[in-house]
**Student:** 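Take this structure first; my questions come after.
In what follows, every chain begins at residue 1, and chains take the letters A, B, ... in the order their sequences are listed.
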Protein chains: 2
Amino acid sequence: MVNTTKSRASRATLTDVAAKAGTSASTVSRVLHGGAGVTDELTARVRLAASELGYSVNRQARSLRRGKDTAIGVAIEDFTIPFFGRVVAEVERAAHARGYGVVITCAGSGRSEEEAVEPLLSRSVAGLVVATGTAGAPQGYLAEVATELPVVQVDAPAASPFSDAVGIDNETAGRRVTEHLLARGHRRILFVGSGPAATTVQLRRQGYEAAMREAGLEPRTTWMGYLPSETTERAVAELGELTSSGADGGGITAVVSGVARVTMGLASAIARLGLRDLAYVAIDDLAGADAFSPPLTVLEQDVETIGARAAELLFARIDGWDGPPSHELVPLRLIERGSGELPPRVLSTTTT
Amino acid sequence: MVNTTKSRASRATLTDVAAKAGTSASTVSRVLHGGAGVTDELTARVRLAASELGYSVNRQARSLRRGKDTAIGVAIEDFTIPFFGRVVAEVERAAHARGYGVVITCAGSGRSEEEAVEPLLSRSVAGLVVATGTAGAPQGYLAEVATELPVVQVDAPAASPFSDAVGIDNETAGRRVTEHLLARGHRRILFVGSGPAATTVQLRRQGYEAAMREAGLEPRTTWMGYLPSETTERAVAELGELTSSGADGGGITAVVSGVARVTMGLASAIARLGLRDLAYVAIDDLAGADAFSPPLTVLEQDVETIGARAAELLFARIDGWDGPPSHELVPLRLIERGSGELPPRVLSTTTT
DNA sequence: CGGTTCGTTGACAACGTTTGCAGGATGTCG
DNA sequence: CGACATCCTGCAAACGTTGTCAACGAACCG
């Protein structure tokens with residue numbers, strides 16, 4: 001009763017609840033968290049007092065005492081990319097279900113790994129989900145962090161000796177889309193990536209190249225910009241030439257987009273250039289892919305499963321599981337919508 | 001030196017630094033945070049010791065002591081929606097620049113406002129960015145929170161008496177896209193929204209209706225699903241009928257998409273139905289809008305500015321600014337890409 | 001040369017929670 | 001009826017930081 005006036009100003013504390021229930025803070029803590037070993041009658045009294053005061057735990061104090069926060073950290077390369085947003089959504093859902101908070105940080109755009117992750121570590125997060133796969137290889141610092149803290153990498157370019165990872169088999173992805181086009185008779189297929197720095201894209205390209213070489217064909221790769229507009233401009237400038245008969249005896253008849261980032265711009269360029277007979281397959285699904293004409297054939301990765309598995313692995317580690325580092329691969333699904341099933345364009349100089 | 005072995009196991013503490021520098025924790029705190037009133041020589045010694053030990057502050061302890069965390073909370077309706085991802089990116093950038101962390105929570109999908117925000121409040125965040133505008137009106141709980149804590153609402157349906165808000169003028173948005181179509185001769189224009197519950201969409205519809213009535217025309221509204229696939233199915237079923245001559249003497253010749261959520265599905269349906277002469281304008285820009293055929297005319301809101309201003313307002317409040325609640329409106333920009341500039345379709349029963 | 005003032009530093013308490021430990025009460029068995 | 005075990009509860013310390021307060025030394029002025 002003595003605290004009633006005060007507790008209006010700020011949040012009610014354990015001591016407030018204890019006073020109201022006529023007991024001690026320790027017991028209140030036990031009732032609300034520990035659970036066991038308290039009389040039913042007292043438990044009820046404490047519960048009542050707590051709910052009347054609208055008590056909820058002060059997590060700073062708890063974390064300070066325990067040395068670990070009931071929160072996980074999520075480091076994302078770029079929040080504006082839909083892939084990462086979907087990962088965040090899944091991870092947040094899992095965390096919330098377990099009473100964990102989610103602290104985020106952006107790991108892209110020139111920040112060092114250390115600079116990006118420090119705000120998370122200084123909060124003693126219980127674990128880390130790191131999704132910077134398209135940015136580059138994991139650096140030394142993250143390995144160091146992983147020795148003290150569970151870390152799960154999403155969309156990691158390769159298995160890590162120091163942390164769990166969830167993602168797709170990027171090389172297989174590159175291979176599958178290429179084989180899809182090869183099976184439909186395409187021979188001159190162009191691979192488009194966002195830039196040589198992104199290791200996941202490099203792996204996808206390796207799959208593409210392997211498939212091409214096995215078919216006795218010459219791979220051809222080009223890089224386009226980070227932003228859709230950059231990609232579009234570049235693609236408009238390049239695609240016109242590339243699709244017409246080239247020096248090597250014929251223009252390309254099909255394009256593989258190696259990463260979502262360039263898919264949009266490429267599609268714009270193809271539409272703008274009126275290349276209606278150019279086959280087009282993209283790795284990563286895209287909202288609105290079936291609004292294109294023709295609707296876009298994509299190799300979809302199950303982002304929700306990736307996010308969910310990442311969270312599951314992380315919480316297993318937090319709960320003390322101590323198996324060897326695992327690298328989970330999530331199945332891919334090719335969605336045939338039309339653009340990837342176009343036959344090779346008949347060359348302008350030949351039959352009918 | 002005595003702490004060296006220990007500090008390898010966990011993070012170095014103020015006391016560790018103090019011991020190494022041969023001074024007290026208070027002084028180290030002053031050097032590293034307070035700044036003033038310490039000898040240059042001692043300051044240097046402390047700095048050296050801190051960097052050698054790789055010290056970084058334990059924010060739980062600081063927050064516990066200060067009563068406020070150097071972190072802000074961000075409540076988002078749905079992380080998979082690009083709009084919110086972009087807001088998060090901007091807010092995170094601003095927070096990081098000021099040394100603040102960002103704790104996120106999802107406020108959608110059946111969670112009560114209280115349930116969503118509690119994990120943030122129990123961390124004593126210094127302020128809140130709430131972006132749930134498309135979900136519904138702010139409820140009482142948030143108003144209560146806002147009395148104790150700076151709150152900025154993003155994409156808020158209306159000005160709030162209890163918190164700052166940043167967004168667009170939704171009614172004007174609805175009006176502008178409608179007038180754009182009216183100016184091109186359209187008379188039978190359909191407004192499509194995601195559902196009557198979203199108040200921002202309701203406001204946009206009011207703008208649409210006002211413009212229509214002022215032109216002496218009858219507004220027509222329909223609601224479509226949350227997911228693109230739902231919208232597509234519904235739209236395919238409805239649009240065919242609506243665009244052919246109807247009971248009122250003619251089918252619709254133009255469509256307004258009231259919110260990004262349905263734009264994609266609508267575009268898919270239009271493409272699938274082959275309605276090439278149906279004019280189409282959407283509120284909210286969309287990645288890939290210019291890959292559609294014809295490229296999609298949109299009324300774009302400057303999401304980056306919205307996010308940045310939200311952060312600025314919030315930090316101004318955190319710094320103690322105490323002006324009246326403001327409701328900032330961010331300018332809109334109509335991007336004519338083609339789909340909105342199509343002339344009214346000639347009715348199948350008439351001339352030529 | 002003594003007194004006062006200022007500048008610099010360290011000791012200490014407190015933030016709210018958790019948890020080991022001890023103490024008290026109750027019940028049971030010898 | 002006494003002793004011992006069991007169960008429940010409260011006390012107190014600790015987590016790392018910050019900020020108040022006092023103390024110490026030096027410098028300056030009278």
**Student:** Roughly, in whole Å, what's the span from CG in B/Asn58 to P in D/dT17?
**Tutor:** 6 Å
**Student:** Using OP1 and OP2 only, check whether a side-chain N or O of B/Thr39 sits under 4.0 Å from C/dT9.
**Tutor:** yes
**Student:** Does A/Thr23 reach a base, just sugar-phosphate, or nothing at all? Heavy atoms under 4.0 Å.
**Tutor:** sugar-phosphate
**Student:** Nearest to the side chain of A/Ser24 - C/dT18, D/dC11, C/dG16?
**Tutor:** D/dC11
**Student:** Kindly say whether, by distance alone, the side chain of A/Arg65 makes a donor-acceptor pair under 3.5 Å with the base of D/dG16?
**Tutor:** no
**Student:** Base, sugar-phosphate or nothing for A/Arg59? Non-hydrogen atoms, less than 4.0 Å.
**Tutor:** nothing
**Student:** Of the nucleotides D/dT17, C/dG16, C/dT18, which one has an atom closest to the side chain of A/His33?
**Tutor:** C/dT18
**Student:** Between P on D/dG25 and CG on B/Leu42, what's the gap in Å once rounded to a whole number?
**Tutor:** 17 Å
**Student:** Can you tell me the distance, in whole Å, between the CG atom of A/Leu32 and the C1' atom of D/dT9?
**Tutor:** 16 Å
**Student:** Please determine whether a side-chain nitrogen of the Lys or Arg among A/Asp69 and B/Arg59 lies less than 4.0 Å from a carboxylate oxygen of the Asp or Glu.
**Tutor:** no
**Student:** OP1 or OP2 of D/dT17 versus the side-chain N and O atoms of B/Thr13: is any pair under 4.0 Å?
**Tutor:** yes
**Student:** Should the side chain of A/Arg11 and the base of C/dG16 be counted as holding a donor-acceptor pair, with the cut-off at 3.5 Å?
**Tutor:** no
**Student:** A/Leu64 has an atom CG; how far is it from atom P of D/dA14, in whole Å?
**Tutor:** 13 Å
**Student:** D/dT17, OP1 or OP2 - any side-chain N/O from B/Ser29 closer than 4.0 Å?
**Tutor:** no
**Student:** Which pair of non-hydrogen atoms, one from A/Val57 and one from A/Arg62, has the smallest distance, and what is that distance?
**Tutor:** CG2-NH2, 3.7 Å
**Student:** D/dC11 P sits how many Å from A/Arg30 CZ, rounded?
**Tutor:** 11 Å
**Student:** Given atom NZ of A/Lys68 and atom P of D/dG16, what is their separation to the nearest angstrom?
**Tutor:** 12 Å
**Student:** Quick check on DNA chain C: between A/Arg62 and B/Glu41, whose nearest nucleotide comes earlier from the 5' end?
**Tutor:** B/Glu41
**Student:** Could you report the tightest heavy-atom contact between A/Gly101 and A/Ala95, atom names first, then the distance?
**Tutor:** O-CB, 4.4 Å
**Student:** How close or far is atom C1' of C/dT8 from atom CG of B/Asp40, stated in whole angstroms?
**Tutor:** 12 Å
**Student:** Hey, is A/Arg45 close enough to A/Glu41 for a salt bridge, meaning N to O under 4.0 Å?
**Tutor:** yes
**Student:** Is there a side-chain polar atom (N or O) of A/Thr27 under 4.0 Å from OP1 or OP2 of D/dG10?
**Tutor:** yes
**Student:** Just how far, in rounded Å, is P of C/dT18 from CG of A/Leu14?
**Tutor:** 6 Å
**Student:** Looking only at heavy atoms, which two atoms of A/Gly323 and A/Arg317 are closest? And how far apart?
**Tutor:** O-NH1, 2.7 Å
**Student:** Does A/Ser26 make a side-chain donor-acceptor contact with the base of D/dC11, cut-off 3.5 Å?
**Tutor:** yes
